[in-house]
Amino acid sequence: MSSDNERSDEPDAGAPEQLALIRETVRRAKVPRAKPRTWRGATLAGELPVARVLVNKGALHLDQYFDYAVPEELDAEAQPGVRVRVRFGAGGRQVRGGRREGGGLIDGFLIERRAESDYQGALAALAYVVSPEPVLGPELLALSRAVADRYAGSLADVLQLAVPPRNGRAETRPSPAPLPPPDAPSPGTWERYTQGPAFLRALTEGGAPRAVWTALPGPHWPEEIARAVAATLSSGRGALVVVPDGRTAGRVDAALTEVLGQGRHALLTADSGPEKRYREWLAVRRGSVRAVVGTRAAMFAPVTDLGLVAVWDDGDSSHSDDNAPFPHVREVLELRATHGRCAFLLGGTNCTVEAAQLVESGWALPLRADREQLRIAAPLVRTVGDGELARDGAARSARLPSLAWQTVRDGLRSGPVLVQVPRRGYAPRLACERCREPARCRHCAGPLQAPDQRDLNCAWCGRAETSWSCAACGGRRLRAQIVGARRTAEELGRAFPAVPVRTSGRDHVLDSVPGQPALVVSTPGAEPVAEGGYAAALLLDGWAMVGRPDLRAGEEALRRWTAAAALVRGRPEGGTVVIMAEPALRPVQALVRWDPVGHARRELAERAELGFPPVSRMASVTGPPEAIAAYLAATELPPEAEVLGPVPLPGAAPGRPRRQGDAPPGETWERALVRVPPGRGAALAAALKAAQAARTARGSGDPVRIRIDPPDIG
């Protein structure tokens, strides 16, 4: 309460008598209201009167601890790990009675209590303790610091991702008593893998095996994850599983409930709501629950005595956080496995280049099934190339050859059929029929479209195009480059009028569909699970996925295809997959042979020759051209560092929302890539962080965005 507010008895105050009575009551209270704001004249704690606090300021030049005085009244509650509020930003000018005053209130975490401060000036006092609940333990603090250093970020930014927002009602509820360890599970379907039973046995005995698991297609992988968790819990340790989305988390959650029973694991997803999620998180931190399954933010879950960390489908972009410092789940769990000496399991129906490197370096061992088991579990994959399309004129106009139609008809006799389309929506983008060069507007270079299937116009500027010809080959005939899911569903509905057609995409994602005959049109990543598996699947416009101008285009296309094909019944049950792409393409051949590991190894070898990640460590520096040049000139990069670029970045298309990292409207940004050889990633991150901290301390106006290991480098 300020001194102006205290003068309520003045004649001109105009305050009613009851308000004056309330203020008088506050004055006579044991702890006046003025103390939590300044603690002017308050007695300090007798022991350890100094609190070291991390303030919630993400600026890199403030990535340090600040010392505050602990008033005697807060001595009991001000313990390491609790949330506090402090005054920050007053400087050294406002000192009264040996105590610093002023500044704005800001959140923070109390890191430790000390007897003396390294700072020689006057200390400000803690404003108050937000909650006596210790939410930041030593292990989580050490992990967050390691993540901040690896990604050239600040500890405060990492803790924003690691510690969920407080919910007072959840904190007041006690967590249940921990249950005793369960019995060791049987191997179950892990027997299909050569080293599967041995992996579970090592977990049961308290070991720390590291494995890259190429899961067989089919519905058994959630139960296999649950058995690995149960084996870890049986040894008296905890387990953590991170999956890309809430639908996948729901499948693993159901499998854990079936294997472990109720009350032995927590589900941490954004769909749970803030109160329930925080209550589950507190149960984990308090040791009531030792098994966790969740989405990206769960990678920091404070599991007691962690014995296993597992990540499913590490190639999914959802595993890379969109907030600074942009950590990736796989890398964070690798840090936890290394520092905590616990087991590590990286699983998926596909294999990323990073996973192949873990095996190649010997950090992890492969966990796969033999070819005989694979032939039983995987569906038959057939290809359709341009040769067959050229011989089938009717199929070319309808976008589906006779093989695809026959596969759909046969599949609908026994169950649902999945149709994967690379994009949602209706209006197609067009390309030259002869050379497949995208059709562009002559005025703004925007993509041409035909919303009404007759007139051409530009999707950016809206101008009509009446005499288009291909700039590359002179052709005048167009074809649909990518037809959206809605239009595909409409075409299939007309072709099969008696069959129900369901769509699943970004706006409406289905979790599951019945096992009855139906057509299910889905965009990649939104495929629902069919009861008993799909009878067949069509993977349309595969060449469009492979042809993206990105280093990971082939890897990402294969990941999307295997994820969809894994939902189809095995070959002995008649499951068939037809992919519409050039058969000679490497990802297509890997799908036909169902050999994602071989594809990842070849990609890794090529990247090693070119010096691309993950063989090298790389960082992207994005911003205005002048800011990029000044930043790189002021950065003391390691001697081995190589700067690629800078090159201009394409701006956001007119009328489309601006994504994070895009240049503001009307501005042109550039991007430079900085590459270092293996073993020098920490030095690169430290140099970039120091230079960025110096920029922010000087108050440089132009933004420069740093990202270590960018997922998209073109």
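The structure presented is a predicted model; accordingly, all values stated were derived computationally and were not measured.
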Heavy-atom side-chain proximity of [X] to [Y] below 4.5 angstrom:
X	Y	result
Leu345	Val309	no
Asp410	Thr576	no
Val252	Trp312	no
Phe300	Trp281	no
Pro528	Asp511	no
Ser522	Leu418	yes
Leu216	His220	no
Gln420	Leu538	no

Pairing of [X] and [Y] as salt bridge, 4.0 angstrom limit:
X	Y	result
Glu372	Arg192	no
Arg264	Glu258	no
Glu280	Lys276	no
Arg560	Glu556	yes

What's the verdict on side-chain contact (heavy atoms from CB on, under 4.5 Å) for Val329 and Asp314, showing C-alpha distance, side-chain angles and the deciding distance?
-> CA-CA 8 Å; Val329 169; Asp314 64 306; over 6 Å; no
Would you tell me whether [X] and [Y] have side-chain atoms, one donor and one acceptor, within less than 3.5 Å of each other?
X	Y	result
Thr189	Glu224	yes
Thr269	Asp271	no
His265	Asp253	yes
Ser318	Asp245	no

To the nearest 0.5 Å, what is the distance between [atom1] ([X]) and [atom2] ([Y])?
X	Y	atom1	atom2	result
Leu380	Arg375	CG	CZ	13.0 Å
Asp595	Arg601	CG	CZ	8.0 Å
Thr232	Leu200	OG1	CG	8.5 Å
Trp468	Arg476	CH2	CZ	8.5 Å
Asn350	Leu558	CG	CG	4.5 Å

What is the ring orientation for Trp213 with Tyr193, classed by angle as parallel under 30°, tilted 30 to 60°, or perpendicular over 60°?
->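 Rings of Trp213 and Tyr193: perpendicular, as their planes differ by over 60°.
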Ile579 vs Leu591, side-chain contact (heavy atoms from CB on, under 4.5 Å): CA-CA, chis, key distance, verdict = CA-CA 9 Å; Ile579 178 169; Leu591 179 66; 3.8 Å; yes
Among Arg559, Arg247, Arg251, Arg296, find the one that has a salt bridge (Lys or Arg N to Asp or Glu O under 4.0 Å) with Asp313.
-> Arg559
Worked verdict on Val421 versus Val521 for side-chain contact (heavy atoms from CB on, under 4.5 Å) = CA-CA 7 Å; Val421 184; Val521 182; 3.9 Å; yes
Taking [X] for its side chain and [Y] for its backbone only, find out whether a donor-acceptor pair lies under 3.5 Å.
X	Y	result
Arg607	Pro613	yes
Glu527	Ala563	no
Glu465	Ser467	yes
Thr407	Leu403	yes
Gln589	Pro583	yes
Ser504	Ala526	yes

Does the side-chain contact (heavy atoms from CB on, under 4.5 Å) test come out yes or no for His319 and Arg330, once each step is laid out?
-> CA-CA 8 Å; His319 284 307; Arg330 178 186 56 248; over 6 Å; no
Would one find more than 12 heavy atoms of other residues, nucleotides or ligands at under 6.0 Å from atom CZ of Arg382?
->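 Result for CZ/Arg382: open.
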Using the salt bridge (Lys or Arg N to Asp or Glu O under 4.0 Å) rule, take Glu606 and Arg586 through it: C-alpha gap first, then chi angles, then the decisive distance, then the call.
-> CA-CA 13 Å; Glu606 289 187 356; Arg586 182 188 298 173; 2.6 Å; yes
Minimum heavy-atom distance Ala301-Leu268, with the two atoms named |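 Closest pair (atom of Ala301, atom of Leu268, distance): CB-CD1, 4.1 Å.
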Testing Leu240, Val241, Val292 for side chain to side chain contact (heavy atoms under 4.5 Å, CB included) with Val229, which one passes?
->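 Considering Leu240, Val241, Val292, a side chain to side chain contact (heavy atoms under 4.5 Å, CB included) with Val229 is found only for Val241.
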